[in-house]
K.L.:
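Pasting a structure below so you can have a look.
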Amino acid sequence: MDLADLRRDYRKAALDETHVAADPIEQFTRWFDEATRAGVDEPNAMALATATKDGAPSVRMVLLKGVDARGFAFYTDYRSQKGRELAENPRAELCFFWRELERQVRVRGSVTKVSVADSAKYFASRPLESCLSAWASLQSSLLKNRIELEERVAEARVRFKDLVPHPPHWGGFRVVPDEIEFWQGRPSRLHDRLRFKREGETWKLVRLAP
């Protein structure tokens, strides 16, 4: 297979300044709803990029669990690699790619923790097995083998039975955006890129070269 020959022309839609919402969160919600109606598999899946205080980057896929005027929220083990990196360098970038619509959204900003009350509320809504795993797995730590992990889950099941409390080491982060870029694929790689950048209490919209 010659990777140089792998290419695709995007032709499904266009993105014009006169057709986007004045508020990028509203525009994101529009696109997210369209992705859901289009049958995109896990439209809330997003790449999360973090970095150490020295600038060493890491990226992984996580799931968006809330978006509103405050920002974009996801949940994790605070002891994980991303949790530790965000503690020492509270900046992040998110990237959504909805192939079926030939669209991408990038979100960049500062990161804060979701309140304990909101984290506990979301934790209580999760399936039982997911709640047990939050207690059993010290995310990103070394394991001897798969059996060790399964034994920890079994111990948590005996310990908590059907009522699993919210772990103090588990909760949400919220990316508070400074910039949100909307990308629409176009023919001949002449894509549309519109970027909102926060300026005080308002957003400035500009077009970027593809």
Side-chain angles (χ1 to χ4, degrees), residues 4 6-74 76 82 85-86 88-114 172-210:
L6 292 176
R7 58 175 51 87
R8 174 180 175 181
D9 222 17
Y10 300 114
R11 298 181 176 275
K12 289 191 175 181
L15 182 61
D16 187 85
E17 289 86 341
T18 60
H19 294 143
V20 296
D23 185 298
I25 300 297
E26 180 183 344
Q27 180 62 33
F28 176 85
T29 302
R30 288 182 189 176
W31 271 21
F32 187 88
D33 290 344
E34 289 177 20
T36 301
R37 291 195 297 269
V40 173
D41 188 29
E42 290 194 304
N44 60 329
M46 58 188 186
L48 165 67
T50 59
T52 64
K53 61 183 179 181
D54 298 323
S58 59
V59 65
R60 77 290 286 159
M61 301 300 296
V62 299
L63 296 178
L64 178 70
K65 289 299 180 179
V67 58
D68 54 30
R70 297 172 297 173
F72 297 73
F74 63 94
T76 190
K82 57 183 168 301
E85 290 180 355
L86 288 171
E88 65 181 28
N89 184 5
R91 300 279 300 172
E93 181 158 342
L94 309 173
C95 183
F96 300 82
F97 180 60
W98 299 315
R99 182 181 60 83
E100 293 85 347
L101 298 178
E102 300 173 349
R103 288 174 174 172
Q104 174 182 274
V105 181
R106 295 170 59 194
V107 179
R108 178 184 298 169
S110 58
V111 178
T112 61
K113 281 187 175 181
V114 171
F173 285 109
R174 179 175 287 111
V175 178
V176 182
D178 300 322
E179 298 180 11
I180 303 180
E181 179 190 318
F182 296 88
W183 178 99
Q184 177 69 62
R186 296 295 301 276
S188 303
R189 295 299 185 264
L190 296 177
H191 312 304
D192 289 324
R193 294 177 63 192
L194 299 184
R195 183 185 68 189
F196 288 85
K197 188 169 184 178
R198 192 188 297 272
E199 294 188 349
E201 298 300 316
T202 63
W203 292 94
K204 181 179 179 181
L205 176 62
V206 297
R207 177 174 286 268
L208 303 177

K.L.:
A92 and T50: which non-hydrogen atoms are nearest, and at how many Å?
P.N.:
CB-CG2, 4.5 Å
K.L.:
Restricting to non-hydrogen atoms, name the atom on V20 and the atom on Q27 that form the minimum distance, rounded to 0.1 Å.
P.N.:
CA-OE1, 3.3 Å
K.L.:
Ignoring hydrogens and geometry beyond distance, is a side-chain donor-acceptor pair present between T52 and D54 at under 3.5 Å?
P.N.:
no
K.L.:
Sub-3.5 Å donor-acceptor pair from the side chain of R60 to the main-chain atoms of L48, do we have one?
P.N.:
yes
K.L.:
So, taking the atom named NE2 in H19 and the one named CG in L194, what distance separates them when rounded to the nearest 0.5 Å?
P.N.:
11.5 Å
K.L.:
Would E34 and R30 pass as an ion pair if we require N to O under 4.0 Å?
P.N.:
no
K.L.:
Any chance you could measure R99, atom CZ, to R8, atom CZ, to the nearest 0.5 Å?
P.N.:
6.0 Å
K.L.:
Check the pair F173 / V62 against side-chain contact (heavy atoms from CB on, under 4.5 Å), numbers first and verdict last.
P.N.:
CA-CA 12 Å; F173 285 109; V62 299; over 6 Å; no
K.L.:
Any donor-acceptor pair under 3.5 Å linking the side chain of K12 with the backbone of E100?
P.N.:
yes
K.L.:
Give the minimum heavy-atom separation between V175 and G109, together with the two atoms involved.
P.N.:
CG1-N, 4.1 Å
K.L.:
Testing the basics here: between A21 and E26, what is the closest heavy-atom pair and its distance to 0.1 Å?
P.N.:
CB-CD, 3.7 Å
K.L.:
Can F32 and N44 be said to form a side-chain contact (heavy atoms from CB on, under 4.5 Å), step by step?
P.N.:
CA-CA 8 Å; F32 187 88; N44 60 329; 4.0 Å; yes
K.L.:
Taking all non-hydrogen atoms of both residues into account, name the closest pair between R207 and D16 and its distance.
P.N.:
NH2-CA, 4.0 Å
K.L.:
Can you tell if the side chain of S58 reaches within under 4.5 Å of the side chain of E85, non-hydrogen atoms only?
P.N.:
yes
K.L.:
Assess whether side-chain contact (heavy atoms from CB on, under 4.5 Å) is satisfied between V206 and R195, documenting all intermediate values.
P.N.:
CA-CA 5 Å; V206 297; R195 183 185 68 189; 3.9 Å; yes
K.L.:
Assign the ring pair Y10 / W183 to parallel, tilted or perpendicular, where the plane angle (0 to 90°) is split at 30° and 60°.
P.N.:
perpendicular
K.L.:
Ignoring hydrogens and geometry, is there a side-chain-to-backbone donor-acceptor pair from R193 to E181 under 3.5 Å?
P.N.:
no
K.L.:
Just by distance, do the side chain of Q184 and the backbone of E102 share a donor-acceptor pair under 3.5 Å?
P.N.:
yes
K.L.:
Going by the side chain to side chain contact (heavy atoms under 4.5 Å, CB included) test, name the single residue among F97, F182, F96 that passes it with Q104.
P.N.:
F97
K.L.:
CZ/R108 to NZ/K197 distance, rounded to the nearest 0.5 angstrom?
P.N.:
8.5 Å
K.L.:
Run the side-chain contact (heavy atoms from CB on, under 4.5 Å) check on F28 and I180 step by step: do they pass?
P.N.:
CA-CA 9 Å; F28 176 85; I180 303 180; 5.5 Å; no
K.L.:
For the residue pair A73 and L64, what are the closest heavy atoms and their distance?
P.N.:
O-CD1, 3.5 Å
K.L.:
OG1 of T76 to NZ of K65: how many Å apart, nearest 0.5 Å?
P.N.:
12.5 Å
K.L.:
Side chain of W203, backbone of A22: donor and acceptor closer than 3.5 Å?
P.N.:
no
K.L.:
So do P210 and R189 actually touch side chain to side chain, heavy atoms under 4.5 Å?
P.N.:
no
K.L.:
Does the R106 side chain pair with the main chain of C95, one donor and one acceptor, at a distance under 3.5 Å?
P.N.:
no
K.L.:
Verify, without hydrogens or angle tests, whether E88 (side chain) and K53 (backbone) share a donor-acceptor contact under 3.5 angstrom.
P.N.:
yes
K.L.:
To the nearest 0.5 Å, what is the distance between CG (L205) and CG (D23)?
P.N.:
11.5 Å
